[in-house]
2 protein chains.
Amino acid sequence: MGQRGRQKGSVGVKSKEAILTIAAEEFAEHGFHETKISTIVKKAGLTQPSFYLYFSSKEAIFQELIHTFHHKLIHLTKNSRIEPNLDKNILASKIARGLISIFKFFDDHRHLTKIGFFIADEAEEIKRGMVAHITENLLAEQQDKYFRQDLNMQIVAECIIGAIERLTITKLFTNESTPQQLANEIVDIYLYGLQNTES
Amino acid sequence: MGQRGRQKGSVGVKSKEAILTIAAEEFAEHGFHETKISTIVKKAGLTQPSFYLYFSSKEAIFQELIHTFHHKLIHLTKNSRIEPNLDKNILASKIARGLISIFKFFDDHRHLTKIGFFIADEAEEIKRGMVAHITENLLAEQQDKYFRQDLNMQIVAECIIGAIERLTITKLFTNESTPQQLANEIVDIYLYGLQNTES
DNA sequence: AAATTATATTACTCATGAGTATTATCTTAC
DNA sequence: GTAAGATAATACTCATGAGTAATATAATTT
């Protein structure tokens, strides 16, 4: 701690990772402008110039965090490919699985999620990507007659993303609900609607 | 323009209003930190110290804008009281009317909405208030058996707010949809769900 | 018409926080 | 054991932008 010079092993990598982790925390909690490099390095047990050994600027590390989030997210949606589907019950659980994986991902990367999904200027673009992806899936199911023909699936996708957003902040990050619970509630609401069908 | 001294009539009020209008624009477009007092006063045809004749600080004018938004919003929801309801068709159109008034309000106050609903730290609290209000209404309808008994209405309310949020940004503020269209789509989706009932 | 008040300006201060120049020290390779 | 490279510190610079002190001038009041 506070020692000058080269340490045993790959200390550089560790310092860089420490900075990244702490920066994610700080940006997530305080936003870009109210996060100070000086605070980050202090928490990492370093001094200001060391920061610039690993990142060229405050903007750069912020971008790196956003990129990490976006990259992981794209990887997630890439892997959730659409199996040709069977009957309605399976469709529901298939959709639930997709939602669970999203909520789990957000839960496992709370800081990155806050940054990339709520703080970054790029958040809108990232969400646009997710909306496009969800829209595609919904359109496929719609063409297979699983969904009503008269719905604008892009709007539905926006609503779902909105719901995910809101529930992530108010239920997931407050530990009030699990990914499973949230996914099931969303499926239930969107698939069957609010209307009471008995009576 | 650029004239010193007192002008004819109540110039002070006009200057203050000009500053408020321009500040709303700037904050909405660039956020708090990237908005500069110097830019605001320049656009208002004034110089920096004049700003401090009307507002005690940058924080203060920002808060004033948030408060204006919040106040107007509360006024809006106060006035949308729940008439004892009739049958299902009327229920749908009643909900639609409520949503229309929200979207119209957002549309009429785009800058304030961006600030109070998306930029301010207080945005979460403001949304919490709306969620509470919507939850109340939904619970009443649920007790009257218009809605399914097995739904958690707070979660439904969060989903609806999420949908409103998202559609406001992507459809309303881009002029792709009208308040009426958005309200109807939301009612349609949430009331009846995605599921294809014929087949 | 003199005093007062409102409104505005010019010309600053001052804190903050990002980023840098220079130097020191530890490890590893030869 | 010495040179080289990596990792760190001390001690700065420098731009920016919020906020202020002092002053000027037009309209209003007395």
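In what follows, chains are A, B, ... by sequence order, proteins preceding strands, each numbered from 1. Note that this is a predicted model, so its numbers are computed, not measured.
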Rounded distance in Å - [atom1] ([X]) to [atom2] ([N]):
X       : N      : atom1 : atom2 : result
A:Ile19 : D:dA8  : CD1   : P     : 8 Å
B:Glu59 : C:dA15 : CD    : P     : 20 Å
B:Lys16 : C:dA8  : NZ    : P     : 13 Å
A:Phe51 : C:dG17 : CZ    : P     : 15 Å
A:Phe62 : C:dG17 : CZ    : C1'   : 17 Å
A:His30 : C:dG17 : NE2   : P     : 13 Å
A:His33 : C:dA18 : NE2   : P     : 11 Å
A:Leu46 : C:dA18 : CG    : P     : 16 Å

Can you tell me if [X] touches the phosphate of [N], counting only side-chain N or O atoms and a distance under 4.0 Å to OP1 or OP2?
X       : N     : value
B:Ser15 : C:dT7 : no
B:Ser50 : C:dT9 : yes
A:Tyr54 : D:dA8 : yes
A:Thr47 : D:dA9 : yes

Counting only heavy atoms from other residues, nucleotides and ligands, does the tally under 6.0 Å from [atom1] of [X] exceed 12?
X        : atom1 : result
B:His33  : NE2   : yes
A:His67  : NE2   : no
A:Asp121 : CG    : no

So if I take every side-chain heavy atom of [X] and compare against [options], which nucleotide ends up nearest?
X       : options                : value
A:Lys58 : C:dG19, D:dA11, D:dG19 : C:dG19
A:Pro49 : D:dA11, D:dG17, C:dA18 : D:dA11
B:Ile37 : D:dA18, D:dA9, D:dA21  : D:dA18

- Task: Compute the centroid of each ring, for B:Tyr190 and then for A:Tyr190, and state whether the two points are separated by less than 6.0 Å.
- Result: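 Between B:Tyr190 and A:Tyr190, the centre distance is under 6.0 Å.
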- Looking at A:Lys127 and B:Arg166, what are the two nearest heavy atoms and their distance?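 Closest pair (atom of A:Lys127, atom of B:Arg166, distance): CD-NH2, 3.6 Å.
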- Message: Rounding to 10°, can you tell me the angle the first-five-pair axis of the helix from C:dA1-D:dT30 to C:dC30-D:dG1 makes with its last-five-pair axis?
- Response: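 Axis-to-axis angle, ends of the helix: 10°.
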- Item | Donor-acceptor pair present, A:Gln48 side chain and C:dG19 base, under 3.5 Å |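 Answer yes: a donor N or O sits under 3.5 Å from an acceptor.
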- Just wondering, do A:Glu165 and A:Ile161 contact through their side chains at under 4.5 Å, heavy atoms?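 Contact flag for A:Ile161/A:Glu165 side chains = yes.
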By the 4.0 Å heavy-atom rule, please label [X] as base, sugar-phosphate, or nothing.
X       : value
B:Leu53 : base
A:Thr39 : nothing
A:Ser56 : nothing

- Aromatic rings B:Phe27 and B:Phe62: how do their planes relate, parallel, tilted or perpendicular, breaks at 30° and 60°?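 Aromatic pair B:Phe27/B:Phe62 classed perpendicular.
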- Message: So, taking the atom named CD1 in B:Ile95 and the one named CD1 in B:Ile100, what distance separates them when rounded to the nearest 0.5 Å?
- Response: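 So the gap between those two atoms works out to 12.0 Å.
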